[in-house]
Amino acid sequence: MQEIMEMWQKVLDKMQNYVSTLTFDLWIKKLEPLEIKNDDTLMLAAHSNSAKNTILAKHSSQLNECIHEIFGEYMKYEILDNAETEQYLLENNQSPIEEKVDAPKERAQFNEKYTFNNFVVGKSNQFCYAAAHAVAEHPGTKFNPLLIYSGVGLGKTHLMHAIGNYLTEFSPNLKVRYVTCEKFMNEYIESLGVTENSKEKAVFQFREKYRNIDVLMIDDIQFIANKNATKEEFFHTFNELYQNGKQIIITSDRAPSEIDIEDRIKSRLSCGLIQDMQIPEFETKMAILKKKAQLERYYIDDEVLNFIAEKPYTNIREMEGALSKVSFYATLMGKTTATMEDAYQAFKEDQFEKQERITPENIIKEVCNYFNISEYEITGKKKSKDIVEPRMIAIYLIDNTLNLPLVTIGKIFGGRDHTTIMHSREKITEQIKRDNKMAAIINDIKAKLSIR
Ligand code: ADP
Ligand code: MG
């Protein structure tokens, strides 16, 4: 049986090249080989009747081909649904095969998809990319410490993992440690929390772990704010590594001056800082979508990619979310390629979901908080610039997030005319395209509201 399992795994590996990741995960991966009947028929159990039917209807020839290749030309196969499997096992007096017991592999630190190759370079991120690449090639020399800085969902973690993957491949002897700020904090707190007599040992071990290395990566350092003990520990870790010429890489969605850390670290980070990453322009967005579709084996019409790239997404994670949503929708509908029709349907549901969680009141409140103005002012008549712009932003966000008629939005803003609402929407949409600062503001407020 072990042998069959191993061969089946090879069939799966092959199938993965023929079908989309989603199809693979939803249908193919869940097949379980039962046995080889009469020396020439591979018996496969599907988890449901629809799984059986879908595979037979859509993927049978590919499956056939892969099985031939691995088991031999003579091998046939039969798929049983869950009821049939039960019956089959009863009749053949077998118990279902046990779960495969692979020894758990040590989990790699880095996401293998987050490589330099898979990172699309454009105007918005070329400096950060170049710096990250230089650090990967010559750690501890050029940019040390390296700060990768951008708003949320714009590629910081991706670049950090890319450095990690690169080092793993080309400098396998270096000791590289990657942690999120949260993990760093939790491990430190844990080391403090152990009983008195072993406490010193635990703290010592923690320090060994973080100081006796060549490259330290801390993701999302901004979360260290107000964690005083961790801040201090980080300060010492930083200094020790820095003094010994070890590479430190940090990501942050705040500018160095706004991160709550020691001034000395702040100024060192600012020295290393080249430029932050911004929201990419249309062409780069399009290239990212194409890359992503290729990586995930989504089959999607170019028209759909174009449609998604044109939407005023303010971060890439959000944009990728839209892509996988459309692809998922098409797969569920049993299609092999996603079309505009699927895109419309997929986004229609999106709108609905948002409406339940987010209200115009929430949005207005968040915008007021952001600009430090009152709700009375934002919905009122004042025409000074410091009020007008937040007002337009709030209008834009309400229109963009909720499916409300313009007249209704006008009413919320003190009975304004619907053309005024339309004007605000267009103005901000335009600005997002031209002005990275506006895009970043919208991005920040959306993140606060958890609008994806
Ligand atoms: P951050 O850490 O800044 O919040 P991530 O690194 O998690 O953002 O990026 C969010 C998503 O966007 C990831 O799936 C990442 O692969 C993708 N992404 C961001 N920038 C690029 C790029 N330039 N090319 C390809 N994919 C990108
Ligand atoms: Mg990140």
Side-chain angles (χ1 to χ4, degrees), residues 21-22 108-133 135-136 146-166 178-185 216-225 249-256 258-259 273-298 300 305 308-309 311-328 436 439-440 442-448 450-452:
T21 311
L22 206 60
Q109 289 194 84
F110 303 108
N111 182 336
E112 58 185 22
K113 286 187 180 158
Y114 288 173
T115 59
F116 285 121
N117 266 342
N118 291 342
F119 192 85
V120 176
V121 184
K123 259 197 257 150
S124 57
N125 57 27
Q126 57 190 358
F127 292 109
C128 277
Y129 173 88
H133 205 276
V135 164
L146 173 69
L147 175 70
I148 305 174
Y149 154 49
S150 79
V152 280
L154 291 176
K156 296 182 296 295
T157 299
H158 186 137
L159 270 187
M160 194 177 235
H161 281 241
I163 300 175
N165 281 317
Y166 190 98
Y178 166 91
V179 270
T180 59
C181 182
E182 247 178 332
K183 183 155 183 239
F184 182 82
M185 197 161 72
L216 175 64
M217 305 181 173
I218 300 193
D219 205 354
D220 285 327
I221 195 75
Q222 71 276 1
F223 290 128
I224 210 165
I249 307 167
I250 282 170
T251 72
S252 166
D253 69 9
R254 301 260 170 280
E258 291 167 33
I259 310 172
L273 174 73
I274 309 189
Q275 208 178 334
D276 61 338
M277 287 192 284
Q278 299 283 351
I279 294 108
E281 61 286 339
F282 174 79
E283 290 79 4
T284 311
K285 281 188 185 171
M286 195 67 190
I288 292 175
L289 287 170
K290 285 201 163 150
K291 182 126 238 165
K292 184 83 180 172
Q294 180 200 354
L295 271 178
E296 301 292 332
R297 289 197 205 84
Y298 294 153
I300 297 196
L305 298 183
I308 295 174
K311 282 180 155 257
Y313 288 121
T314 47
N315 81 55
I316 299 169
R317 188 174 305 129
E318 209 176 62
M319 187 178 78
E320 285 185 353
L323 181 72
S324 63
K325 193 166 180 128
V326 175
S327 163
F328 185 70
N436 284 330
I442 299 288
N443 200 15
D444 270 358
I445 300 176
K446 277 188 169 182
K448 292 217 168 77
S450 317
I451 302 178
R452 281 180 298 122

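Both counts, for ligands and for their atoms, begin at 1 and track the order of listing.
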Show which atoms of ligand 1 fall inside a sub-4.0 Å distance from at least one heavy-atom site of [X].
X: Asn125; answer: 23 (N)
X: Asn118; answer: 24 (N), 25 (C)
X: Tyr114; answer: 13 (C), 14 (O), 16 (O)

Applying side-chain contact (heavy atoms from CB on, under 4.5 Å) to Lys292 and Met319, what does each step give before you reach the verdict?
CA-CA 11 Å; Lys292 184 83 180 172; Met319 187 178 78; over 6 Å; no
Looking at [atom], what's its closest protein heavy atom, distance included?
atom: atom 7 (O) of ligand 1; answer: Arg317 NH2, 2.9 Å
atom: atom 21 (C) of ligand 1; answer: Phe119 CE1, 3.7 Å
atom: atom 8 (O) of ligand 1; answer: Gly155 N, 3.1 Å

More than 12 non-hydrogen atoms from neighbouring residues, nucleotides or ligands closer than 6.0 Å to NZ on Lys291, yes or no?
yes
More than 12 heavy atoms from other groups under 6.0 Å of CD on Glu296:
yes
Return the number of protein N, O or S atoms with a distance to the Mg ion (ligand 2) smaller than 2.8 Å.
1
Please confirm whether Glu320 comes under 4.0 Å of ligand 1, counting heavy atoms of the residue only.
yes
Based purely on interatomic distance, does [X] place a nitrogen or oxygen under 3.5 Å from a nitrogen or oxygen of ligand 1?
X: Val120; value: yes
X: Ile316; value: no
X: Val152; value: no

Report the part of Thr157 (side chain from C-beta onward, or backbone N, CA, C, O) that has a heavy atom under 4.0 Å from ligand 1; answer both or neither where that applies.
both
What part of Lys113 sits under 4.0 Å from ligand 1 if we count only heavy atoms: the side chain, the backbone, both or neither?
neither
Ignoring hydrogens and geometry beyond distance, is a side-chain donor-acceptor pair present between His161 and Tyr178 at under 3.5 Å?
yes
Answer yes if the side chains of Thr115 and Asn165 hold a donor-acceptor pair under 3.5 Å, and no otherwise.
no
Intermediate values then yes/no, side-chain contact (heavy atoms from CB on, under 4.5 Å), Ile279 and Leu154:
CA-CA 7 Å; Ile279 294 108; Leu154 291 176; 4.0 Å; yes
Of Lys285, Gln126, His158, Lys156, which has the heavy atom at the shortest distance from atom 15 (C) of ligand 1?
His158
Nearest non-hydrogen atom to atom 4 (O) of ligand 1 belongs to which of Gly321, Gly153, Gly122?
Gly153
When Leu159, Val120, Ile148 are each screened for side-chain contact (heavy atoms from CB on, under 4.5 Å) with Tyr129, the one that passes is Leu159
Can you name the one residue among Asn125, Asn118, Ile316 that meets side-chain contact (heavy atoms from CB on, under 4.5 Å) with His158?
Asn118
Using the rule side chain to side chain donor-acceptor pair (under 3.5 Å), only one of Thr251, Asn111, Asp220, Asp219 pairs with Thr157; which is it?
Asp219
For the student: nearest non-hydrogen atoms of Glu318 and Tyr313, plus distance
OE1-CD2, 3.0 Å
d(Met217 CE, Ile163 CD1) to nearest 0.5 Å is 5.5 Å
Parallel, tilted or perpendicular: ring planes of Tyr166 versus Phe116, cut at 30 and 60 degrees
perpendicular
